[in-house]
Structure formats: structure tokens, C-alpha cells
Amino acid sequence: MDYINQSTEEIAQVLLGKKLIHKTPVHTYSGYIVETEAYVGIEDMACHSYAGRRTPRLESMYKSGGTIYIYTMHTHHMLNIVTKEEGNPQAVLIRAIEPFEGIEEMEKNRQANGVNVCNGPGKLTKAMEITKALNGILINEESLRIVDGKVPSQIIESPRIGIPNKEEWTLKPLRYYVKGHPCVSGMKKGEMLSAADYWHYG
DNA sequence: CTTGAGATGGCCT
DNA sequence: GGCCATCTCAAGC
């Protein structure tokens, strides 16, 4: 997986269907990525690094593509993968996964069942016990990995979630998700498809 | 099932 | 002191 020589928008789409794995000393958690958002750097008014802003919290974003960037928001941890070369602060936010391994433990961590376990950025990090301890290290180097998984039948683009008052950036279609997948945040019942229809080859 | 308001805490100015 | 890349729950349809 190349996190440098593709645009952040391309990487956000390629990540859909990939398998996210987190191993703790006690448990192994994994799931397939079903929803992402691209944050494209210093021109992007919704991006933390907009206008070249650089603070200790953002330092990971300025590292090389493939670095893990985690920050907290209202007590929730947000998982991002940095893209592009060092010094070019762009990233992809992982917003939702389809749980695969460690499902019982995830349900216990979240005190929820079914699609409600991982259908939001703060939910999946809590379910998988992902914390800021991973901030700044490279993906696939330690306990957090991303490997090949499934292939979406169809990818839908939409505006990003929770980005008001950012002029044209509010409506830019930089959010991507697997069409009809029930684990996508805010998915309505009427838009859901069956597994054979949202993953290629079932 | 869908919608909206309120609760959160860390980070920046 | 203000600003959020959110979540949950209660009320309405």
C-alpha cells in the first residue's frame, strides 16, 4: 500500500475494504474499512493543518505518509493515516469498519451490539482499544496494521460530516463509503444492501 | 426510525 | 474563553 505517490483522495478510496487490525497483549481486533474522509492539507479549511498551522498536536500529520495520526475530540479518539511526503500535511480519517475478529470483546468495550459497535470514528477506536499511544508511529510497524481485505462493489462520494461554515470545503465530496453497507455512519435502513451486493465476490 | 439538543475535555489563542 | 473531523438519548413522527 502506497501512502505517498497517490493523491489523498485516491488513498481514501483505496482504503475502503482494507482490513484494519489491532493487536493488544490480550486481544486481537480486526475489521474491514467501510467509510473514510480525505483531509487535503494547507488549502483545506476543514483540515487541522489549514494555512500551514503547526502545533504539537498536529506534529504527526507533518510526518511521512503511512504515519498514524490520532487526536481526541470530546473524549473520543480519532484515527487517521497520514498521506503524502514528509512536510506535506494531509491525512485520511477512518470513520467506520465492519467488525471481523474480536467481535464479542468489541461489544463489551462499547456496550452495544451489531452495526452500532463501529459505525463512527469515535466508536471504532473505543471498540478496538485504539488510544493516543499509537500517535506518530508508522502503520504496520507495531500493533496497528492495515492489510488487503475485500473490494467494494461501488464507492459513493459525499460531503464530509460535521464541517459547517467552511465555504466550498463544506460541500466538497471528500467522504467515501461502501455503497449500502450497514456499518457506515448514519446509514438509513432504506439504503442498506445485503453483503453479496456491497462487497465484490460477496 | 429520524431528528435535535446537550454533555463532554483537550487544545489553542 | 472559545472552539470543535462526536455520541447518546429522549421526544416526535
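So that the names make sense, note that chain A is the first sequence line, chain B the second, and so on, each numbered from 1.
- Atom P of nucleotide C:dC4 and atom OH of A:Y71 are separated by 12 Å, given to the nearest angstrom.
- Note on A:M73: a base of the nucleic acid sits closer than 4.0 angstrom, heavy atoms only.
- The hydrophobic cluster containing A:L58 does not contain A:L134, counting ILVMFWY residues as joined when their side-chain heavy atoms lie under 4.5 angstrom apart, directly or transitively.
- A cation-pi arrangement is found for A:K172 relative to A:W169, the charged atom lying closer than 6.0 Å to the ring centre and inside a 45° cone about the ring normal.
- Contact check on A:R175 versus A:E157 returns no salt bridge, with no Lys/Arg side-chain nitrogen under 4.0 Å from an Asp/Glu carboxylate oxygen.
- Under the Watson-Crick and G-U wobble criteria, each requiring two contacts below 3.5 Å, nucleotide B:dT8 is left unpaired.
- Considering only side-chain atoms of A:R53, the nucleotide from C:dA5, C:dT6, B:dT13 that sits closest is B:dT13.
- Between A:K19 and A:D148 there is no salt bridge, since no side-chain N of the basic residue sits under 4.0 Å from a carboxylate O of the acidic one.
- For the pair A:R95 CZ and C:dC7 C1', the computed distance is 12 Å after rounding to whole Å.
- Residue-level contact check: A:R160 touches neither bases nor backbone, having no heavy atom under 4.0 Å from any strand.
- A distance cut-off of 5.5 Å between ring centres, combined with a plane angle under 30°, leaves A:H74 outside any stacking arrangement with the base of B:dG9.
- Rounded to whole angstrom, the span from the NZ atom of A:K189 across to the P atom of C:dC13 amounts to 21 Å.
- The phosphate of C:dA5 has neither OP1 nor OP2 within less than 4.0 Å of any side-chain N or O from A:R175.
- Looking at heavy-atom distances under 4.0 Å, A:I163 makes contact with sugar-phosphate atoms alone, never a base.
- Proximity note for A:T55 (side chain, C-beta onward) versus C:dA5, B:dC12, C:dT6: the nearest is B:dC12.
- For A:I161 and C:dC4, the CD1 to C1' distance is 15 Å, given to the nearest whole Å.
- Listed for the A:E37 side chain is a donor-acceptor partner under 3.5 Å among the backbone atoms of A:I161.
- Proximity note for A:R110 (side chain, C-beta onward) versus C:dT8, C:dT6, B:dG9: the nearest is C:dT8.
- One interatomic measurement links the two molecules: CD1 of A:I70 to P of C:dA5, which rounds to 17 Å at whole-angstrom precision.
- When the C1' atom of B:dT3 is taken as reference, atom NZ of A:K188 falls 10 Å away, rounded to whole Å.
- Checking B:dG9, C:dT6, C:dT8 against the side-chain heavy atoms of A:K123 singles out C:dT8 as nearest.
- Rounded to whole angstrom, the span from the CE atom of A:M61 across to the P atom of C:dA5 amounts to 12 Å.
- Across all strands shown, C:dA5 has no partner, as no Watson-Crick or G-U wobble contact with both distances under 3.5 Å is found.
- One can place CE of A:M78 at 5 Å from C1' of C:dT6, the figure rounded to the nearest angstrom.
- Among the nucleotides C:dC7, C:dA5, B:dG10, the one closest to any side-chain atom of A:T72 is B:dG10.
- Side-chain N/O atoms of A:K126 include none lying less than 4.0 angstrom from OP1 or OP2 on C:dT8.
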